[in-house]
*Asks:* 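Below are the structure tokens for one structure; questions will follow.
Just so it is clear, the structure is predicted and the values come from calculations on it, not from any experiment.
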Amino acid sequence: MALGELPADLILKNGKIVDVFTESVFEADVAIVDGCIAGVGSYDKAKEILDVQGRYIAPGLINAHCHVESSMARPEAYVKEELRWGVTTLITDPHEIANVMGSEGIRYMLKAGGHMPINYYVEVPSCVPATPFENSGCIMHAAEMAELLKEEGVLGFGEMMNVPGVLMGDSEVMQKLRTYQEAGRVIDGHAPCVTGKQLQGYISAGINTDHEIISWAEAKEKLRSGMAALVREGSASHNLKAIIEGVVREQVAVSRMAFCTDDKHLADIKREGTIRHNIKMAVELGMKSEQAIAIGSFNAARIYGLKHLGAVAAGYQADLVVFNDLVEFVPWRVFHKGQDAWKLADEAEWLEPGARLKGSVNIGGELSEASFSLEHFSATKTYPVIEMVAEEIITEHGKIAGSEIFEALERNELCLIAVVERHHATGNVGLGLIRGYGIKNGAAATTVAHDSHNLIVVGTSPRDMLLAVQALEGSQGGYTLVEQGKVIDLLPLEICGLMSSAKGDELNEHLERISQKAYTMGVNPLVDPFISLSFMALPVIPRLRITDMGMFDVERFQFIK
């Protein structure tokens, strides 16, 4: 068929090929057979010919690092939105569901995503829980993680968040890393602001990538040290501009760079896509369109050893996206293994999650308004304050005198924030203060609280905070808003308290509605009402966080007493 002697299954006729090898465009046809590209050139014999009328045929896009659960959509709904914008390969880290339901949750994600018309790869979560400084639903040890290597679709090892454990040579951490190194798998990193000799030590342990890069200087150091830089643009983390501006300015090689989203709302994906959006941004910043597409496809495939993906060339899997142009990058058609991916996704049946996955919220304890009372703060002491940073998930470490807290709350300069343990009914409540969220006369709460996914609630009164917690216990997880003693909206996320059973459009409409209500209640327009909030409980991102055990100083890696 490559020789043109036998008919292909499908020919994409009169296309402009985006060549990721030479970063150029040339005119040609693409002949496809048995899900693979037979040849690129001039072809006429086929069972079916599709005239693309001069449109651009590019390799299917690859999201190099994402958490499907963070979209709050079940895998089938998430995949449909990714496909709509040209992504044909996902490299996912299901550590969100693993922290709630362990291996059972990971296997559900593999099955639910794996039967869709997409390459659905999993990086086995490395840190469940992320740290010993919070209670999670499950603890996964090295032996259990090694067992998951046998599962179809498992690609490598997920982001190693335990930087101190790596640098101190913790035996359990090292056993996990050795298992995946010896299996020849890629190991993802998670090393925000780690530089110098600590970075060298971290990399020498066998860690290959990092997506927690917020500046060009950090990206350059990690690239020069041999790491692959995964350039992130998500709903809460916007790092692409700073990094790509540096690439364009200094005209450096980009073969060890790929695009990713990490965490992105389904509503944001529906509006602009994921990797397509990254590519469009990069081009607007001055990068050649062919180079940006290579970063969003071929580079990711090479970094993760997916030699059959990422290019429009003979022998590669026929995962293709046909763009109308190389300005807006709007897909005209998307193919997975040479078939219409959109049609296949519409026809696919959805798998029903088991009963255990729908019963994960277990508050227990003697929770009351007193759990969130100002009586926990003494007028004679000084207290830490989480200072939110607009459009970032890092925070600053502020302070306030106990005698000033009440007036700061009255002026809406501060809010109360709490994390309630929700897996084992321990009754644990960590209580603290936050500046920059902005809600007035009410409370917002979510069971999506990275990475252990306890229940996080922020508000201005103990009464409203308690009502918010009770509402989410009743719905078995989700997002909720309470205003002056009344629940004004509740979005159920009943699958492990992380994902909705609803179809994509229904979920998007509810997400948009509840987010807009949060903004009318005073939430800072520069923060996402729920995604940004969910990161306040993640004790591996600088500088100050809160868990169900209390306020936590990430830089010192210890609780604040």
*Asks:* Is it the case that more than 12 heavy atoms not belonging to K358 sit under 6.0 Å from its NZ atom?
*Replies:*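 More than 12 heavy atoms, drawn from other residues, nucleotides or ligands, come within 6.0 Å of this atom.
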*Asks:* Just so I know, are the side chains of L491 and L507 near enough to count as touching, which here means a heavy-atom distance under 4.5 Å?
*Replies:*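 Sidechains of L507 and L491: in contact.
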*Asks:* Considering residues, nucleotides and ligands other than E349, do more than 12 of their heavy atoms fall under 6.0 Å from its CD?
*Replies:*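 For E349, atom CD is not crowded (no more than 12 foreign heavy atoms under 6.0 Å).
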*Asks:* Could you measure the distance from the CZ atom of R74 to the CD1 atom of I495? Nearest 0.5 Å is fine.
*Replies:*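 One finds 5.0 Å between CZ of R74 and CD1 of I495.
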*Asks:* With no hydrogens and no angle check, do the side chains of H65 and D262 hold a donor and an acceptor under 3.5 Å apart?
*Replies:*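 The criterion, which ignores hydrogens and geometry beyond distance, is satisfied for D262 and H65.
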*Asks:* Checking the side chain of R276 only, and the main-chain atoms of V87 only, is there a donor and an acceptor separated by less than 3.5 Å?
*Replies:*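 The answer is no, because no donor-acceptor pair under 3.5 Å joins these two groups.
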*Asks:* With no hydrogens and no angle check, is any side-chain donor or acceptor of S360 less than 3.5 Å from a backbone partner on L357?
*Replies:*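 No: the side chain of S360 does not pair with the backbone of L357.
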*Asks:* Does a donor on one side chain sit under 3.5 Å from an acceptor on the other, for R422 and N454?
*Replies:*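 No, no side-chain donor-acceptor pair sits under 3.5 Å.
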*Asks:* Between atom CG of N99 and atom NE2 of H423, what is the distance when rounded to the nearest 0.5 Å?
*Replies:*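 Answer rounded to 0.5 Å: 7.0 Å.
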*Asks:* Any side-chain heavy atom of M140 within less than 4.5 Å of one from S126?
*Replies:*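 They are not in side-chain contact.
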*Asks:* Side chains of M101 and E96, heavy atoms from C-beta outward: is any pair under 4.5 Å?
*Replies:*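 Counting from C-beta outward, M101 and E96 never come under 4.5 Å.
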*Asks:* Measure the CG-CG distance between L266 and N508 for me, rounded to the nearest 0.5 Å.
*Replies:*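 The CG atom of N508 is 4.0 Å from CG of L266, to the nearest 0.5 Å.
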*Asks:* To the closest 0.5 Å, what do you measure between CZ (F259) and NE2 (H277)?
*Replies:*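 One gets 10.5 Å once the value is rounded to the nearest 0.5 Å.
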*Asks:* As a quick check of understanding, evaluate side chain to side chain contact (heavy atoms under 4.5 Å, CB included) for I118 and L90, giving each step before the final call.
*Replies:* CA-CA 8 Å; I118 200 167; L90 296 176; 3.8 Å; yes
*Asks:* Report the distance from atom NE2 of H376 to atom OH of Y383, rounding to the nearest 0.5 Å.
*Replies:*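 Going from the NE2 atom of H376 to the OH atom of Y383 covers 10.5 Å.
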*Asks:* Grab the two heavy atoms, one from I546 and one from G430, that are nearest each other, plus how far apart they are.
*Replies:*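 Shortest heavy-atom separation between I546 and G430 comes out as CD1-O, 3.4 Å.
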*Asks:* Are E509 and R513 close enough for a salt bridge, meaning some N to O gap below 4.0 Å?
*Replies:*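 No, this pair does not count.
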*Asks:* For residues V420 and V429, report the shortest heavy-atom separation together with the two atoms involved.
*Replies:*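 Heavy atoms of V420 and V429 come nearest at CG2-CG2, 4.2 Å.
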*Asks:* Side chains of S237 and E392: donor-acceptor distance under 3.5 Å anywhere?
*Replies:*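 Note: S237 and E392 side chains miss the donor-acceptor criterion.
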*Asks:* If the threshold is 4.0 Å, N to carboxylate O, is there a salt bridge linking K241 and E245?
*Replies:*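 A salt bridge is present here (some side-chain N lies under 4.0 Å from a carboxylate O).
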*Asks:* Any chance you could lay out the side chain to side chain contact (heavy atoms under 4.5 Å, CB included) test for F133 and Q558, step after step, and finish with the verdict?
*Replies:* CA-CA 8 Å; F133 305 114; Q558 64 185 28; over 6 Å; no
*Asks:* Just wondering, are more than 12 heavy atoms of other shown residues or ligands nearer than 6.0 Å to CD in E555?
*Replies:*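 Yes, the 6.0 Å shell around CD holds more than 12 heavy atoms from other groups.
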*Asks:* Suppose the criterion is side-chain hydrogen bond (donor to acceptor under 3.5 Å, both in side chains): which pairs have a residue in residues 393-405, not counting sequence neighbours?
*Replies:*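 For residues 393-405: E396-R543.
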*Asks:* Checking S532 side chain against P529 main chain: does a donor-acceptor pair fall under 3.5 Å?
*Replies:*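 Here the side-chain-to-backbone pair does not exist.
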*Asks:* Within a strict 4.5 Å, meaning less than it, do heavy atoms of the F329 and V321 side chains meet?
*Replies:*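 Not in contact.
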*Asks:* Closest heavy-atom contact between T88 and H336?
*Replies:*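 Looking at all heavy atoms of both residues, the closest pair is O-ND1, 4.5 Å.
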*Asks:* Looking at NZ of K80 and NZ of K270, how far apart are the two atoms once the value is rounded to the nearest 0.5 Å?
*Replies:*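 K80 atom NZ to K270 atom NZ measures 9.5 Å (nearest 0.5 Å).
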*Asks:* Determine whether the side chains of D489 and H510 contain a donor N or O and an acceptor N or O closer than 3.5 Å.
*Replies:*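 Yes, a side-chain donor-acceptor pair sits under 3.5 Å.
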*Asks:* Assess whether side chain to side chain contact (heavy atoms under 4.5 Å, CB included) is satisfied between N441 and N412, documenting all intermediate values.
*Replies:* CA-CA 9 Å; N441 300 317; N412 292 118; 5.8 Å; no
*Asks:* Under the side chain to side chain contact (heavy atoms under 4.5 Å, CB included) test against D188, which residue among M161, M160, E123 passes?
*Replies:*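 Running side chain to side chain contact (heavy atoms under 4.5 Å, CB included) over M161, M160, E123 with D188 returns exactly one hit, E123.
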*Asks:* Check R545 with D553, please: is the shortest side-chain N to carboxylate O separation under 4.0 Å?
*Replies:*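 Looking at D553 and R545, the cut-off is not met.
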*Asks:* Is the backbone N or O of I213 less than 3.5 Å from a side-chain atom of E218, with the two atoms forming a donor-acceptor pair by type?
*Replies:*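 Not confirmed, E218 side chain does not pair with I213 backbone.
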*Asks:* Compute the centroid of each ring, for F557 and then for F552, and state whether the two points are separated by less than 6.0 Å.
*Replies:*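 Yes, ring centres under 6.0 Å apart.
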*Asks:* Between Q484 and G442, is there a donor-acceptor pair closer than 3.5 Å when you use the side chain of the first and the backbone of the second?
*Replies:*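 No; judged by distance alone, with no hydrogens or angles, the pair does not exist.
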*Asks:* So, for G477 and V361, which heavy atoms are closest and what is the spacing to 0.1 Å?
*Replies:*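 For G477 versus V361, the nearest heavy atoms are N-CG2, 3.6 Å.
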*Asks:* Does the side chain of I363 reach to within under 4.5 Å of the side chain of E421, using non-hydrogen atoms?
*Replies:*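 No; the side chains remain at least 4.5 Å from each other.
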*Asks:* Run the numbers on R435 and E387 for salt bridge (charged side-chain N to carboxylate O under 4.0 Å, His left out), then give the verdict.
*Replies:* CA-CA 5 Å; R435 180 180 281 117; E387 304 273 4; 2.5 Å; yes
*Asks:* Is a donor on one side and an acceptor on the other found under 3.5 Å between the side chain of D325 and the backbone of E328?
*Replies:*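 Flag set: sc D325 to bb E328 pair under 3.5 Å.
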*Asks:* Got a salt bridge between E483 and K486, using NZ or NE/NH1/NH2 to carboxylate O under 4.0 Å?
*Replies:*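 Salt bridge flag = no for K486 with E483.
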*Asks:* Taking the side chain as C-beta and beyond, is there a heavy-atom pair between F535 and I394 under 4.5 Å?
*Replies:*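 SC-SC contact between F535 and I394 ruled out.
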*Asks:* Would a distance-only check, ignoring hydrogens and angles, find a side-chain to backbone donor-acceptor pair under 3.5 Å from S71 to V68?
*Replies:*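 Yes; judged by distance alone, with no hydrogens or angles, the pair exists.
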*Asks:* So, are R232 and D263 salt-bridged, with charged N and O less than 4.0 Å apart?
*Replies:*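 Salt bridge flag = no for D263 with R232.
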*Asks:* Is there a donor-acceptor contact under 3.5 Å from the side chain of T447 to the main chain of G478?
*Replies:*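 Judged by distance alone, yes, a pair lies under 3.5 Å.
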*Asks:* Check whether the side chains of N135 and H424 place a donor and an acceptor atom closer than 3.5 Å, and report yes or no.
*Replies:*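 No - no donor-acceptor pair under 3.5 Å links their side chains.
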*Asks:* Shortest non-hydrogen contact from I488 to K517?
*Replies:*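 It is O-NZ, 3.2 Å.
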*Asks:* State which residue, out of E233, E82, E272, fulfils the salt bridge (Lys or Arg N to Asp or Glu O under 4.0 Å) condition with K264.
*Replies:*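 Among E233, E82, E272, the one that satisfies the salt bridge (Lys or Arg N to Asp or Glu O under 4.0 Å) with K264 is E272.
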*Asks:* Under 3.5 Å, is there a donor-acceptor pair between the side chain of T547 and the main chain of M549?
*Replies:*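 Judged by distance alone, yes, a pair lies under 3.5 Å.
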*Asks:* Working note: E69 + V100, criterion side chain to side chain contact (heavy atoms under 4.5 Å, CB included); need CA distance, chi angles, decisive distance, verdict.
*Replies:* CA-CA 11 Å; E69 311 96 299; V100 179; over 6 Å; no
*Asks:* Taking all heavy atoms of A58 and all of F323, pick out the closest pair and write down the distance.
*Replies:*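 Taking every non-hydrogen atom into account, CB-CE1, 3.9 Å.
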*Asks:* Would E506 and K503 satisfy salt bridge (charged side-chain N to carboxylate O under 4.0 Å, His left out), going step by step from the backbone distance to the final call?
*Replies:* CA-CA 6 Å; E506 181 184 342; K503 298 291 185 179; over 6 Å; no
*Asks:* Using a 6.0 Å cut-off, check whether atom CZ of F406 has over 12 heavy atoms from anything other than its own residue.
*Replies:*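 No.
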*Asks:* For H67 and D93, indicate whether the former's side chain and the latter's backbone hold a donor-acceptor pair under 3.5 Å.
*Replies:*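 It does hold such a pair.
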*Asks:* Is there a side-chain contact between L414 and I400 (heavy atoms, below 4.5 Å)?
*Replies:*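 Side-chain contact under 4.5 Å: yes.
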*Asks:* Taking atom CZ of R411 as the centre, report whether more than 12 heavy atoms of other residues, nucleotides or ligands fall under 6.0 Å from it.
*Replies:*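 Check passes, neighbour count above 12.
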*Asks:* Is any side-chain heavy atom of L466 closer than 4.5 Å to one of L367?
*Replies:*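 L367 vs L466: side chains touch.
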*Asks:* Could you list the residues that satisfy salt bridge (charged side-chain N to carboxylate O under 4.0 Å, His left out) with D268, not counting sequence neighbours?
*Replies:*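 Partners of D268 by the salt bridge (charged side-chain N to carboxylate O under 4.0 Å, His left out) criterion, ordered by chain and then number, come out as R271.
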